[in-house]
Amino acid sequence: MKVLVIGSGGREHAIVTSVKKSPKVTKVYCAPGNAGIGQLAELVPIKAMEFDKLADFAKDHDVDLTIVGMDDPLVGGIVDVFESKGLRVFGPRKNAAILEGSKAFSKDLMKKYGIPTAGYENFDNPKKAEEYLRQAKMPVVLKADGLALGKGVLICNTLEEALDGLKEIMLDRKFGDSGNTMVIEEFMTGREVSVLTYCDGKTIKPMTSAQDHKRAKDNDEGLNTGGMGTFSPSPFYTKEVEEFCENHIFQATVDAMAKEGREFKGIIFFGLMLTEEGPKVLEYNARFGDPEAQVVLPRMENDIIDVMEACIDGTLDQIDLKFEDNAAVCVVLASDGYPVAYEKGFEISGLDAFSGKDDYYCFHAGTALKDGKFVTNGGRVLGITAKGTDLKEARQKAYEATKWVDFEGKYMRNDIGNAIL
Ligand code: AMP
Ligand code: GLY
């Protein structure tokens, strides 16, 4: 079986690593991929938003299954293009990927179907939004409706900050059309948990839980990033919380989408906050999280191809999803200055240290090959994952492994997983 994976981050490196483990797979392509993925798969120099070129490639190369890792192509309708050409593809269609593509849509869906989430109002008129903010209780959360590279969420402690945020999103249009509509949401407090799930349109099967660390600096200070590190499972995701989520959030979401005529096949990533009133949805994503995938996928025991095919075929109820009874921690090595300004092109040393070590993974995110050498090529450069018998051991091993590699401007958080200690 030939598989094409679309994307170029640490998440896609983790997906390709899982795909390669399947005995059914004879060939893996990745478009556009990165230097690390290039060691496992044949890289295809087509960008993720070039749907027709990608579909033509899949047809010409007899690709049996395409897996879309990234949000932009899913929200843009890549699955519809592939399906219209008779190609098999894993991921939601455009009318379902809107679950991530429009926060206003997802909030309205949750309200309509009674799925627990923060109180909110949607605005497409900046004057109305301003009036609302002037009488709102602070802090408030402002969210650009559309995709914004994980940066379209502003937590505002004062009215002044909120009015500045409103200006940024709706008037200065910092996130372009994503700011045509803005969600103003009640501020919640609690612990965050990410639960990624597989869905076939009717059945939903949760994977093991994880927790991300979104802020750039230790102690959750600094700017929001794509994610600086993860651990899995989350000890805060107890049996009781899990039961509540399965009964009131997960299945309810899939059923709601089906009722709306937006059958969801693929990954639903539930960003949850465990509030005093119970778990509530912070956000939905329509794909694996990054770096959540880098701790969840190495722990999955199933053949990923079987699970993804069951999602496409509507037979997920027949899959017994299994995870190893251990733990994993991922520490992201970033370029100093991320997520704002940083330099690229520095040589990365020490990568060989990972070869032959079963419990350790070095997932490439922003890397490239230059004169036969690995160099930095992005904000998040590598995701260093280690598995251990428990979270404490996994954490200690992951931090140990961060010392094996080096590059100029290497930056990481030193408190990934501190919450579990
Ligand atoms: P999102 O992209 O919607 O997950 O938002 C990014 C981050 O902003 C989340 O991971 C939370 O840390 C924070 N956040 C989003 N919505 C809220 C909210 N209603 N209350 C408190 N924090 C929030
Ligand atoms: N790590 C959060 C995300 O992938 O959106």
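Bear in mind the structure is a predicted one, so any value in this text is a computation, not a measurement. All ligand and atom numbering here is 1-based and tracks the order in the structure. This chain uses plain numbering: 1 for the first residue, then up along the sequence.
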| If hydrogens are left out, which of V332, L196, T225, D212 has an atom nearest to atom 2 (C) of ligand 2, that is, the closest non-hydrogen atom? | D212
| Going by the atom numbers of ligand 2, which of them fall below 4.0 Å from some non-hydrogen atom of N285? | 5 (O)
| request: Give the residue, atom name and distance (to 0.1 Å) of the protein heavy atom nearest atom 14 (N) of ligand 1. | output: L282 CD2, 3.8 Å
| query | To which protein heavy atom is atom 5 (O) of ligand 1 closest, and what is the distance rounded to 0.1 Å? | reply | V153 CG2, 3.5 Å
| task | Number the atoms of ligand 2 from 1 as they appear, then name those within less than 4.0 Å of a heavy atom of G289, with their elements. | result | 4 (O)
| query | Is the cationic atom of R191 (NZ for Lys, CZ for Arg) positioned less than 6.0 Å from the six-membered ring centroid of F236 and within 45 degrees of its normal? | reply | yes
| request: Would you mind finding which of E185, M273, E192 brings a heavy atom closest to atom 12 (O) of ligand 1? | output: E192
| Given that the side chain starts at C-beta and the backbone is N, CA, C, O, which of these parts of I155 lies under 4.0 Å from ligand 1, counting heavy atoms, or is it both or neither? | side chain
| query | Hey, is ligand 2 close enough to E292 that some N/O pair sits below 3.5 Å? | reply | yes
| message | Under a 4.0 angstrom heavy-atom cut-off, which atoms of ligand 2 come close to G226? | response | 1 (N), 2 (C)
| task | With atom 16 (N) of ligand 1 as the reference point, say which of R215, E283, K143, E186 has the nearest heavy atom. | result | K143
| note | protein heavy-atom neighbour closest to atom 3 (C) of ligand 2 works out as R287 NH1, 3.5 Å
